[in-house]
Structure formats: C-alpha cells, structure tokens
Asker: 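Let me give you the structure first, and then I'll get to my questions.
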Amino acid sequence: MGRQVLVTGGTGYIGSHTVVELQSKGFEVIIIDDLSNSSAEVVDQIEKITGIRPLFEQFNLLDAKRLNTFFQKYNHIEAIIHFAAFKAVGESVNKPLAYYQNNLISLMYILECMSRYKISNLVFSSSCTVYGQPDQLPVTEQTPKKEAESPYGNTKAISEEILNDVVKATPEITAIALRYFNPIGAHPSSLIGELPQGVPNNLVPFITQTAAGIRPQLSIFGDDYQTPDGSCIRDYINVVDLAKAHVVAINRLLDNKTKSRYEFFNIGTGKGASVLEVVKTFEKATGVKVNYTIVARRPGDIEQIYADTTNANKILGWKAEVSLHDTLLSAWNWEKKIRNIN
Ligand code: UD1
C-alpha cells in the first residue's frame with residue numbers, strides 16, 4: 001500500500017493530472033469532488049492512464065458532517081492537496097459571496113479537519129494573481145503582493161493569509177502554497193484535459209475551440225500594450241509539469257524537508273509569451289490556422305507577468321520541461337479527441 005493522499009477537486013483540470021502523477025509515483029489517492037465543474041468519467045480516464053482506479057467520494061466540502069464522516073472512514077491520510085475551488089474571474093465579480101463562501105470556508109474546514117484528524121501536510125493551489133501587475137519582472141516570491149483585481153483573486157490572497165496564520169498557531173500543520181502561472185495543455189494520452197463549460201474565458205481553450213470550428217474567431221484583447229508585439233504577456237505552464245510540482249511538494253512535506261512550516265513557490269516556466277506568440281506557436285505546432293481579430297483590452301487584464309522560478313528550481317528541485325510548442329500540440333490533440341476530429 002502506498003502512502004495515502006487526499007486530493008480535493010481531483011477530477012478537475014489540474015487535479016486530475018496531479019492524481020495521475022501521484023499514482024505513477026506509488027501514492028494511493030482518494031479524491032473528493034462534487035463534480036460541479038467536472039465529470040465522473042475522469043475517474044475512468046485516470047484508471048485508463050495509470051491502471052489504478054483512485055478512490056472517489058462525491059460531495060461538496062461545505063458539507064461539514066459528510067467531511068467529518070469521510071475523515072473517520074479514511075484514517076490513514078498523510079497529506080492533502082486542496083484544489084477544489086471556483087475559478088472563473090468574471091463570475092466571481094457577479095457572485096462574490098459564492099466565491100468567498102466556497103473557496104474560503106472549504107479551506108477552513110479542511111484545516112479544521114487536519115487538526116482534528118491529525119493530518120500534518122497540505123499543498124494549496126494558489127495563483128500568480130496575488131501579485132497583480134508587478135512593478136518588476138520576473139516576479140519572485142518576495143515581490144510585494146497587490147490588491148486583488150477580483151473576488152476570485154482575493155480568495156487566493158486571503159487563503160494564503162489564512163494558511164500563514166493557522167500554521168503559526170498549529171505546530172502540527174505544515175503547508176506549501178504553489179502559485180501557478182497560466183496552466184495550459186493536456187495529458188499526452190489525450191485522455192484527460194481541460195473541459196471548460198460554455199464559452200471559454202481562457203486563451204488556450206478559446207484557441208483550440210476556434211481551430212476546431214466551434215467558435216468563429218478568437219478575439220485578442222488588445223495589441224497596444226507596452227510589450228514587443230503589443231499583446232499581453234503571460235507565463236504558460238504545461239499542466240503535467242505543474243502536476244509534477246505537486247508531487248515534489250508532497251514529497252518535501254512527507255520527508256520533513258521544509259525550511260519553515262509555511263512555504264510558497266512560483267510555478268511557471270520563467271519565460272513570458274505574448275498572446276500573438278501563443279497563436280503563432282499553435283499554428284506552427286498543429287498546422288491549423290486560427291482565425292483571429294484584435295479587439296479592445298479586456299478590463300482587469302494585466303499587461304505582463306512571468307515567474308522567477310529560481311526557488312522552485314533550487315529549493316524544490318522542480319523545473320518546467322515541456323515546451324510551449326509541445327504543450328499547445330497536446331491541447332489541440334485533446335480538443336480533437338473530445339470533438340471526434342481526425
Ligand atoms: C486568468 C485570471 C487569473 C486566473 C486564471 C485562471 C484574470 C485577470 N486573471 O488569467 O487570475 O488564475 O485566469 O485560469 O482574469 N486572451 C485573449 N483572448 C481570449 C482570452 C484571453 O486575448 O479570448 C488573452 C488575455 O487578454 C490574456 C491572455 O490571453 O492576456 C491569457 O488570458 P487567460 O487565459 O484568460 O488568463 P489570465 O487572464 O492570465
């Protein structure tokens with residue numbers, strides 16, 4: 001029997017890729033997911049990739065009673081990766097309470113249960129959104145945080161503060177927050193990937209859906225930024241590379257290698273790519289043209305951000321490996337698979 005890890009949100013986009021990497025390293029995974037933004041078939045797909053079926057419990061983390069029953073039943077869990085959260089920036093502006101309730105209370109319940117059921121190790125999904133538009137690039141973990149642009153972003157900033165405070169007051173708990181840059185791409189098997197509901201908000205699913213003919217054209221939000229080609233710059237990180245960072249973080253916790261009981265790391269490639277570069281790289285990788293038009297800037301977008309990954313590289317011993325080209329190809333292969341395109 002491998003060491004048990006609970007993955008909340010384990011059927012979601014990043015969660016599912018992380019479950020695959022954990023299982024391939026011999027961990028025994030238990031997923032909690034309410035399937036509010038994913039499907040039970042993901043469990044079958046994970047089994048197809050790894051040959052192992054993760055344990056799966058379907059419920060919402062705000063169901064405190066059910067959560068307690070869960071921890072009474074599974075009493076060998078050694079670590080938790082907490083992905084389960086709402087993540088749509090625009091929606092969070094219209095439904096702030098739903099975001100604060102869902103994202104913050106679930107974290108607090110998890111932390112409470114960690115104390116109650118003597119689970120010491122937590123990896124938390126944070127975001128580069130905590131930096132806002134930084135004054136200096138690339139951003140290091142010491143770059144000052146800025147006020148959040150959206151309730152969603154604020155839930156990540158507040159969650160980090162909650163972690164910091166709780167860890168200080170609870171000597172048994174150690175936590176690592178991973179600040180993701182922009183996760184993209186899909187598993188090379190094309191059995192799991194991103195499944196946005198409705199019209200995608202994020203760039204790469206919009207590109208793949210446009211290439212697949214589902215959307216007539218991609219709107220590029222602004223080409224008048226102070227960047228070399230005028231479009232915004234982000235640090236696009238391959239989702240499998242990102243998943244592997246979680247395994248590294250779990251091992252660091254289980255091996256008691258942390259230098260403090262609350263650590264946080266930037267998880268990106270260290271390289272910025274502009275929106276136009278992403279479109280061109282996609283076209284080159286896939287041979288498919290993307291119909292696009294330049295439109296006005298999107299409110300709330302920052303001009304550019306990319307990570308300084310020195311700490312992730314040196315302290316965690318992790319680095320991004322898959323190129324933007326191969327990552328975009330994996331996103332396309334996934335889109336083709338789910339749309340039955342040859
Ligand atoms: C967004 C969130 C971020 C969140 C992440 C979750 C904002 C300001 N930030 O990141 O907090 O963690 O999603 O996935 O919303 N673009 C286009 N056309 C499109 C879509 C996007 O030109 O149809 C451009 C955007 O202007 C941006 C880049 O592509 O420059 C990436 O956009 P997106 O994928 O939405 O990610 P972020 O906005 O960086």
Side-chain angles (χ1 to χ4, degrees), residues 9 12-15 37 83 85-94 99 103 124-134 137 139 145-160 177-185 193-211 214-239 242 266-269 272-282 290-307 324 327-328 331:
Y13 174 43
I14 306 171
N37 193 25
F83 289 106
F86 291 159
K87 62 169 186 183
V89 176
E91 184 185 61
S92 78
V93 176
N94 299 320
Y99 273 69
N103 292 6
F124 177 72
S125 298
S126 189
S127 167
C128 69
T129 193
V130 299
Y131 299 115
Q133 174 63 68
L137 289 167
V139 283
K145 292 194 225 164
K146 293 247 172 99
E147 199 175 321
E149 296 269 357
S150 69
Y152 158 77
N154 210 17
T155 67
K156 293 298 175 190
I158 298 171
S159 292
E160 287 202 5
L178 300 180
R179 292 178 179 161
Y180 315 153
F181 282 66
N182 287 53
I184 61 164
E194 193 171 6
L195 266 181
Q197 289 180 355
V199 183
N201 294 310
N202 296 116
L203 177 64
V204 170
F206 211 104
I207 290 177
T208 56
Q209 289 197 10
T210 306
I214 298 162
R215 311 277 155 210
Q217 68 181 0
L218 165 73
S219 297
I220 293 185
F221 300 133
D223 67 350
D224 54 353
Y225 286 97
Q226 297 295 313
T227 59
D229 66 23
S231 63
C232 290
I233 290 176
R234 299 285 183 274
D235 185 336
Y236 294 94
I237 169 79
N238 178 279
V239 68
L242 174 58
N266 287 343
I267 303 294
T269 65
S274 74
V275 178
L276 284 162
E277 271 166 1
V278 172
V279 171
K280 284 187 189 123
T281 309
F282 178 88
V290 179
N291 185 24
Y292 73 84
T293 180
I294 309 287
V295 300
R297 293 180 176 193
R298 179 172 69 176
D301 264 345
I302 57 164
E303 183 172 275
Q304 47 182 323
I305 188 163
Y306 49 96
L324 182 62
T327 303
L328 290 168

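Since this is a predicted model, take the numbers as computed values, not measurements. When a ligand or atom number is given, it counts from 1 through the structure's own listing order.
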Asker: Look up atom CG in Asn238 and atom CG in Leu328, then write down how far apart they are to the nearest 0.5 Å.
Answerer: 9.5 Å
Asker: Closest heavy-atom contact between Thr269 and Tyr236?
Answerer: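 That would be CG2-O, 3.2 Å.
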Asker: Report all N/O contacts between ligand 1 and the protein shorter than 3.5 Å as a table of atom names and distances to 0.1 Å; if there are none, say 'none'.
Answerer:
| unit_1 | atom_1 | unit_2 | atom_2 | d |
| --- | --- | --- | --- | --- |
| ligand 1 | 11 (O) | Thr129 | OG1 | 3.3 |
| ligand 1 | 12 (O) | Ser127 | OG | 3.4 |
| ligand 1 | 12 (O) | Tyr152 | OH | 3.2 |
| ligand 1 | 13 (O) | Asn202 | ND2 | 3.2 |
| ligand 1 | 14 (O) | Asn202 | ND2 | 3.3 |
| ligand 1 | 18 (N) | Ser219 | O | 2.7 |
| ligand 1 | 22 (O) | Ser219 | O | 3.4 |
| ligand 1 | 22 (O) | Phe221 | N | 3.0 |
| ligand 1 | 26 (O) | Asp301 | OD2 | 2.5 |
| ligand 1 | 32 (O) | Arg298 | NH2 | 3.4 |
| ligand 1 | 34 (O) | Asn202 | ND2 | 3.2 |
| ligand 1 | 34 (O) | Leu203 | N | 2.8 |
| ligand 1 | 35 (O) | Asn201 | O | 3.4 |
| ligand 1 | 35 (O) | Asn202 | ND2 | 3.1 |
| ligand 1 | 35 (O) | Arg298 | NH1 | 3.4 |
| ligand 1 | 35 (O) | Arg298 | NH2 | 2.9 |
| ligand 1 | 36 (O) | Asn182 | ND2 | 3.1 |
| ligand 1 | 38 (O) | Arg298 | NH2 | 2.8 |
| ligand 1 | 39 (O) | Asn182 | ND2 | 2.9 |
| ligand 1 | 39 (O) | Arg234 | NE | 2.5 |

Asker: Check the orientation of Tyr180 and Phe83. Use parallel for under 30°, tilted for 30 to 60°, and perpendicular for over 60°.
Answerer: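 Plane angle between 30° and 60°, so tilted.
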Asker: Return the set of residues passing side-chain contact (heavy atoms from CB on, under 4.5 Å) with Asn154 (not counting sequence neighbours), or none when no residue passes.
Answerer: Tyr100, Ala148, Ala157, Ile158
Asker: To the nearest 0.5 angstrom, please state how far the NZ atom of Lys87 sits from the OG atom of Ser125.
Answerer: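 Taking NZ in Lys87 and OG in Ser125, the distance rounds to 10.0 Å.
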Asker: Of all heavy-atom pairs between Ala85 and Lys156, which one has the smallest distance, and what is that distance?
Answerer: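 Distance-wise, the nearest heavy atoms are CB-NZ, 4.1 Å.
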